[in-house]
Amino acid sequence: MTLEEEVQNRLFPLLESASENDTVLDLQDILKRLTFDNICKVSLGMDPCCLADISKPLPPLAAAFDTASEIIAMRAATPVFAVWKMKRALNVGSEKRLKEAVKLVHDSIAEIIRIKKEKFQRDCLCGGGGDLLSRLLSAGHDGEVVRDMVISFLMAGRDTTSSAMTWLFWLLTWHRGVEKEIVSEVMSLNNGQKPLDYEDLKEMNYIKACLCECMRLYPPVAWDSKHAANHDVLPDGTPVYEGDRVTYFPYGMGRMEKIWGKDRFEFRPDRWFSEPGKEGASAGLKSVSPYMFPVFQAGPRVCLGKEMAFIQMKYVVASVLRRFEFSPVGSDQPVFVPLLTAFMAGGLKVRIRKRTIMV
Ligand code: HEM
């Protein structure tokens with residue numbers, strides 16, 4: 001299991017050494033590195049080793065993804081579209097940097113594909129590895145389609161999960177009772193000693209409720225737009241004309257009284273249980289419509305990685321909280337920055353202690 005190796009061999013030693021030396025770490029940066037390593041292994045079958053040495057800057061591919069997503073998000077926020085369109089036509093400023101970043105991403109992925117194909121031919125590897133790229137190539141796909149599919153997975157599966165976990169770890173530093181419930185859930189599995197397997201992770205309802213409650217307040221994709229291919233009418237009667245931009249806004253919806261009630265600004269994971277107050281493995285999670293909680297989109301374009309994301313996040317949160325406690329450096333409310341994927345301005349600086357109490 002690639003994520004398990006990443007957590008056991010890279011994340012734990014890093015947190016352990018920080019706890020021994022009282023070093024302050026930026027948990028957001030660490031989680032971004034972890035999820036980038038993981039999604040590269042899953043999608044490309046290669047390991048960029050971002051978490052192996054956190055003193056090194058991010059590799060050019062990861063940095064190019066950051067630049068491109070930032071500039072694309074800023075495009076959508078500019079009041080006058082003509083400005084960025086003009087910059088694109090003249091190839092200057094942010095649009096020039098975007099073009100360079102996109103070229104770097106395309107060239108890097110094309111090179112990875114070329115090497116993978118050579119390896120296939122050399123090793124007569126028809127079944128290929130378990131990664132997405134090997135599977136696409138062995139199924140006969142090729143060219144830009146493969147490149148773009150792989151890039152979509154890298155973009156979609158990278159900062160989304162790290163963003164959700166960063167906000168959850170921060171929220172837990174202010175809700176120690178909730179953190180204690182999470183540790184209890186992990187400890188209920190063979191006193192926390194047993195390596196977590198898929199079946200255990202599927203059962204972890206309390207952590208799932210915490211993740212949903214965290215993403216309700218701090219959705220990794222805070223807003224998302226589509227352009228209408230044809231004229232249409234929204235269910236409330238609003239007309240939409242061909243070419244119109246329609247934006248849905250999970251951040252706003254997650255804070256609407258009409259949907260979530262008067263306590264909508266409070267972090268209350270028990271609102272996700274069918275019987276609030278009766279959490280834990282025995283209590284069932286409510287089924288909430290994706291049209292009410294569109295954090296993963298809804299309808300035909302719903303996130304393809306939703307279940308995988310929950311399993312990965314549960315694994316990281318459970319494994320880390322079983323062993324470590326975090327205390328934030330500073331008590332200010334962090335700033336939520338809603339770019340293509342949302343993040344915490346300035347990162348999440350924490351001190352780390354090994355968890356000693358057995359709940
Ligand atoms: C907390 C984690 C995640 C959140 C909140 C999230 C959210 C979303 C959202 C809102 C979309 C729709 C984007 C759009 O229509 O423009 C989407 C699409 C997608 N997601 Fe996720 N995602 C997460 C994790 C993942 C992971 C881990 C993967 C893959 C490994 C993944 C793969 C995809 C793919 C392939 C699409 C495109 C689906 C399509 O267009 O048909 N996501 N995700």
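Both counts, for ligands and for their atoms, begin at 1 and track the order of listing.
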Visitor: Just to confirm my output: which protein heavy-atom neighbour is closest to atom 7 (C) of ligand 1, and how far is it?
Guide: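 I find the closest protein heavy atom is Val295 O, 3.5 Å.
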Visitor: Please list the nearest protein heavy atom to atom 41 (O) of ligand 1 with its residue and the distance rounded to 0.1 Å.
Guide: Arg301 NE, 3.0 Å
Visitor: Among all protein heavy atoms, pick the one closest to atom 13 (C) of ligand 1 and tell me residue, atom and distance.
Guide: Asp224 OD2, 3.6 Å
Visitor: Look at the aromatic rings of Trp170 and Tyr218 and report parallel, tilted or perpendicular, splitting at 30° and 60°.
Guide: perpendicular
Visitor: Show which residues join Met86 in its hydrophobic cluster (side-chain heavy-atom contacts under 4.5 Å, direct or indirect), or state none.
Guide: Leu90, Val92
Visitor: Whether Glu179 and Arg176 form a salt bridge (side-chain N of Lys/Arg under 4.0 Å from carboxylate O of Asp/Glu) is what I want to check.
Guide: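 Counted as a salt bridge, because a side-chain N and a carboxylate O are separated by less than 4.0 Å.
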Visitor: What's within reach of atom 21 (Fe) of ligand 1, meaning protein N/O/S atoms under 2.8 Å?
Guide: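 Hits for atom 21 (Fe) of ligand 1 below 2.8 Å: Cys303 SG.
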Visitor: Could you tell me whether Arg301 and Asp224 make a salt bridge, using a distance below 4.0 angstrom between a side-chain N and a carboxylate O?
Guide: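 Salt bridge between Arg301 and Asp224, a charged N being under 4.0 Å from a carboxylate O: no.
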Visitor: Pull out every atom of ligand 1 sitting under 4.0 Å from any heavy atom of Met215, numbered as shown with elements.
Guide: 1 (C)
Visitor: Can you find a non-hydrogen atom of Arg158 under 4.0 Å from ligand 1?
Guide: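 No; Arg158 lies far enough from ligand 1 that no heavy-atom distance drops under 4.0 Å.
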Visitor: Protein heavy-atom contact under 4.0 Å for atom 37 (C) of ligand 1?
Guide: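 Not a single protein heavy atom is under 4.0 Å away.
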Visitor: Compute both the distance and the angle, then confirm whether Arg216 meets the cation-pi test with Trp260: under 6.0 Å from the six-membered ring centre, within 45 degrees of the axis.
Guide: yes
Visitor: Between Glu118 and Arg114, does any NZ, NE, NH1 or NH2 come within less than 4.0 Å of an OD or OE carboxylate oxygen?
Guide: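 Yes, Arg114 and Glu118 are salt-bridged.
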Visitor: We want to know whether Thr238 and Asp236 form a side-chain donor-acceptor pair, criterion being a heavy-atom distance below 3.5 angstrom.
Guide: yes
Visitor: Note the single closest protein heavy atom to atom 35 (C) of ligand 1, along with its residue, its atom name and the distance in Å.
Guide: Phe153 CE1, 3.6 Å
Visitor: Return the residue, atom name and 0.1 Å-rounded distance of the protein heavy atom closest to atom 16 (O) of ligand 1.
Guide: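 That would be Lys226 NZ, 2.8 Å.
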Visitor: Do you know the tightest heavy-atom contact between Cys49 and Asp37?
Guide: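 Distance-wise, the nearest heavy atoms are N-OD1, 3.3 Å.
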Visitor: Could you tell me, atom by atom, which parts of ligand 1 come under 4.0 Å of a heavy atom of Tyr248?
Guide: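 The atoms of ligand 1 under 4.0 Å from a heavy atom of Tyr248 are 10 (C).
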Visitor: Under 4.0 Å between a Lys/Arg side-chain N and an Asp/Glu carboxylate O for Arg33 and Asp26?
Guide: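 Answer for the salt bridge query: no.
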